[in-house]
There are 2 protein chains.
Amino acid sequence: MAHEVQKSIARQSLLLKSLPEQHVGTLLSHAIWRVYERGETIFLQEEKAQAVHVVLAGWVKLFRMSPNGSEAVVSVFTRGESFGEAVALRNVPYPVSAEAVSPCEVMHIPIPVLISLMKEDPEIGISILAATFTHLHSLVAQLEQLKAQTGAQRVAEFLLNLCDCEAGDCEVVLPYDKMLIAGRLGMKPESLSRAFTRLKPIGVKINRNHAEISDISVLRDYSVSDPTET
Amino acid sequence: MAHEVQKSIARQSLLLKSLPEQHVGTLLSHAIWRVYERGETIFLQEEKAQAVHVVLAGWVKLFRMSPNGSEAVVSVFTRGESFGEAVALRNVPYPVSAEAVSPCEVMHIPIPVLISLMKEDPEIGISILAATFTHLHSLVAQLEQLKAQTGAQRVAEFLLNLCDCEAGDCEVVLPYDKMLIAGRLGMKPESLSRAFTRLKPIGVKINRNHAEISDISVLRDYSVSDPTET
DNA sequence: GGTGCGACATGACAATAGTCAAGTTGCGGT
DNA sequence: ACCGCAACTTGACTATTGTCATGTCGCACC
C-alpha cells in the first residue's frame with residue numbers, strides 16, 4: 001500500500017470511514033494491495049478465509065456454484081464496498097466464491113490484524129457489524145425481489161438504482177456486461193433481453209451499455225405495480 | 001424472566017451459549033419475557049428496533065411486504081434461535097416484520113443493555129457477529145436455491161433438512177402449515193402441492209403433516225440434479 | 001352431531017421464464 | 001481489412017409457475 005490515492009479511497013469505504021484515525025492507520029499499514037485481471041479468481045467457495053476485502057476500483061462478483069453446475073450470483077461490489085467481514089471472524093470456509101469481473105484493485109486486511117484490533121476497541125466490532133448488516137439488508141431485499149417481482153420489474157428496479165436523478169428523464173451507463181446483470185437479477189441473458197424489450201413501451205431505450213429513461217416516475221410506478229394488473 | 005426453565009433454554013441459544021457466565025446473567029436479568037398467540041405481530045417493518053429477540057418456544061416468521069402487497073417470507077425461527085442482532089446496533093428501522101406463526105415464547109433483550117455490555121467486553125461483539133453470520137449464510141443459501149433450483153428441488157431440500165437420519169427411509173413431521181412452507185420456499189401453496197405430487201414417484205408420501213421418505217439418498221440425488229436432465 | 005370456515009388438492013388456463021437454434025453485431029488479433 | 005469469437009438479440013417451443021375455480025376434508029364452535 002504505497003500509494004496515497006488508494007489509501008484515501010480505502011478510507012472512504014463503508015468499513016473504515018467510521019473508525020477512529022489511529023485504527024485506520026494501523027489497518028492500512030498491514031493491508032495488502034493487489035490488482036486482478038478480468039475473470040481472475042479472488043477466492044473460492046470452501047476456502048479458508050484469510051482476509052477482509054475492500055474493493056478500491058473495478059467490479060467484483062460473489063457467486064455460488066450449486067452441485068448441479070449452475071451459477072448463482074449473490075452480489076456485485078465496487079469501489080468503497082467490502083466483503084468477507086462476517087466469515088473472517090468465525091474461522092469458517094467462505095460460503096461463496098469471488099471473481100473480478102473487470103480489472104480490479106482490491107485491498108486485503110489480514111484477519112489476525114483485525115481480530116487483535118477488535119479486542120482492543122469494541123468500536124471496530126460495531127463497525128464491522130454495520131458493514132455486515134448492509135449486506136444482510138441487501139440480501140433480504142434481493143430475496144423479496146426474486147419472490148415478489150417479475151423479471152421486467154427487477155430490471156426496472158435495477159435501472160432505478162443506477163439513476164441518481166430524482167425525476168424526469170435520465171441516462172445511465174450499465175456498469176457491467178449484460179450476462180452478469182442477468183445473473184445478478186436471477187435470470188438468463190435471453191430473459192434480460194426480453195425484459196428490456198418489455199420496458200421499451202414505458203420509455204426505456206437501450207443502446208449498447210447505455211440506457212435512456214424518458215420518465216423515471218413511470219418506471220418507478222411500474223417496478224412496484226402488481227404484476228397481475230398490467 | 002422468573003422461570004428457570006426458560007432461562008436454561010435461553011442459555012442454549014446460539015446467541016448466548018458461547019458467552020461467559022457473568023454476562024449471560026446480566027443479560028438474562030434485564031431481559032423481558034413474553035408469550036404471543038398465533039398470528040400476533042412481534043414487530044413491524046420500518047419500526048425502530050428496541051431489542052434483540054430470542055425464540056424460546058414456538059415458531060416465528062420474518063417477512064417483507066412489497067409495495068404491491070405480496071408477502072415474501074425471509075426466514076422462520078424456532079427454539080434457540082435469535083434475530084434482530086444486526087439491526088439492533090445500528091439504530092435503523094427493521095427491514096422486515098416479525099409475526100408468531102404458532103403460540104410462542106420470546107425473550108427480548110433491550111438494546112442499551114447489549115451495547116453497554118459490548119463496550120465492556122469485545123467477546124460479546126464476536127458472539128453477535130457469529131449469530132448474524134449464520135443468518136447471512138442462510139440467506140445466501142436461500143438465494144442460491146431460488147435462482148438455481150426448481151420448486152420440487154427446493155421442497156426436496158427442505159425435507160432433507162428436516163430428517164436427522166443419514167440414509168434409508170425416514171419419517172418427518174412438517175413443522176408448520178403448508179401455506180407457510182410454501183412462502184418460505186418462495187412459491188404459492190398450489191405449487192407446493194404439485195411439488196409434493198412430483199416427489200411421489202421418487203418415494204415421498206405426504207399424509208397430513210407427516211412425510212414418509214422411502215430412500216433419503218434418492219431424494220438427495222434429486223435435489224442436486226440438473227433440472228434439465230430429468 | 002350439525003355447520004361453517006380455512007387449509008389443502010386438483011383441473012383448466014394464462015403468464016412467465018428457460019431452452020434451443022439461428023442470426024447480428026462489435027471488437028481484438030493477425 | 002479480414003477473420004473469428006463472444007456477447008447480444010430474436011423467434012419458436014417447452015416447462016414451470018401463478019391464477020382462478022371448484023371440491024374435499026378436518027376441525028373448532030355452537
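Below, chain A is the first sequence line, B the second, and so on; all start at residue 1.
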Tell me the salt bridge (Lys or Arg N to Asp or Glu O under 4.0 Å) pairs involving residues 197-207 of chain B, sequence neighbours left out?
none

Which residues, if any, of residues 172-187 of chain B bring a heavy atom under 4.0 Å of DNA chain C?
B:Asp177, B:Lys178, B:Met179

Any donor-acceptor pair under 3.5 Å linking the side chain of A:Gln12 with the backbone of A:Lys17?
no

Side-chain donor-acceptor pair under 3.5 Å between B:Thr78 and B:Glu81, yes or no?
no

B:Gln145: which residues meet the side-chain hydrogen bond (donor to acceptor under 3.5 Å, both in side chains) condition with it, sequence neighbours left out?
B:Glu157

Listing time: all N or O pairs from protein to nucleotides 26-30 of chain D that are below 3.5 Å?
{"from": "D:dG26", "atom 1": "O5'", "to": "B:Arg208", "atom 2": "NH2", "distance (Å)": "3.2"}
{"from": "D:dG26", "atom 1": "O3'", "to": "B:Arg208", "atom 2": "NH2", "distance (Å)": "3.3"}

Enumerate, atom names and distances included, each donor-acceptor pair closer than 3.5 Å involving a side-chain atom of residues 176-194 of chain A, sequence neighbours excluded.
{"from": "A:Asp177", "atom 1": "OD1", "to": "A:Met179", "atom 2": "N", "distance (Å)": "3.3"}
{"from": "A:Asp177", "atom 1": "OD1", "to": "A:Leu180", "atom 2": "N", "distance (Å)": "3.1"}
{"from": "A:Lys178", "atom 1": "NZ", "to": "A:Arg208", "atom 2": "O", "distance (Å)": "3.3"}

Are any side-chain N or O atoms of A:Arg79 and backbone N or O atoms of A:Gly58, one a donor and one an acceptor, separated by less than 3.5 Å?
no

Expressed as a whole number of angstroms, how long is the span from A:Arg154:CZ to C:dT16:P?
12 Å

Checking B:Glu212 now: which residues fulfil salt bridge (charged side-chain N to carboxylate O under 4.0 Å, His left out) with it, not counting sequence neighbours?
none

What residues form a salt bridge (charged side-chain N to carboxylate O under 4.0 Å, His left out) with A:Arg11, not counting sequence neighbours?
A:Glu21

Whole Å only: how far is the CZ atom of A:Arg38 from the P atom of C:dC27?
13 Å

How long is the line joining CG of B:Asn68 and C1' of D:dG18, in whole Å?
13 Å

Among residues 188-198 of chain B, which contact DNA chain D at a heavy-atom distance under 4.0 Å?
B:Lys188, B:Glu190, B:Ser191, B:Arg194, B:Arg198

Closest heavy-atom pair, A:Ala148 versus A:Gln153, reported as atoms and distance to 0.1 Å, is O-OE1, 4.4 Å

Send over the distance from A:Ile206 CD1 to D:dA7 C1', rounded to a whole Å.
15 Å

Show me the donor-acceptor pairs within less than 3.5 Å that the side chains of residues 165-174 of chain A make with the rest of the protein, sequence neighbours left out.
{"from": "A:Glu171", "atom 1": "OE2", "to": "A:His210", "atom 2": "ND1", "distance (Å)": "3.3"}

Expressed as a whole number of angstroms, how long is the span from B:Leu199:CG to C:dA9:P?
13 Å

When the distance from CG of A:Leu146 to P of C:dT16 is rounded to whole Å, what number comes out?
16 Å

Show every donor-acceptor pair shorter than 3.5 Å between a side-chain atom in residues 37-51 of chain B and any protein atom, with sequence neighbours excluded, or say none if there are none.
{"from": "B:Glu40", "atom 1": "OE1", "to": "B:Glu37", "atom 2": "N", "distance (Å)": "2.7"}
{"from": "B:Glu40", "atom 1": "OE2", "to": "B:Arg34", "atom 2": "NH2", "distance (Å)": "2.8"}
{"from": "B:Gln45", "atom 1": "OE1", "to": "B:Met65", "atom 2": "N", "distance (Å)": "3.2"}
{"from": "B:Glu47", "atom 1": "OE2", "to": "B:Leu44", "atom 2": "N", "distance (Å)": "3.2"}

Tell me the closest heavy-atom pair linking B:Ala98 and B:Phe83, and the distance in Å.
CB-CE1, 4.1 Å

Residues passing the salt bridge (charged side-chain N to carboxylate O under 4.0 Å, His left out) test with A:Lys147, sequence neighbours excluded, are none

At 10 degrees resolution, what angle do the end axes of the helix from C:dG1-D:dC30 to C:dT30-D:dA1 form when each is taken over five base pairs?
40°

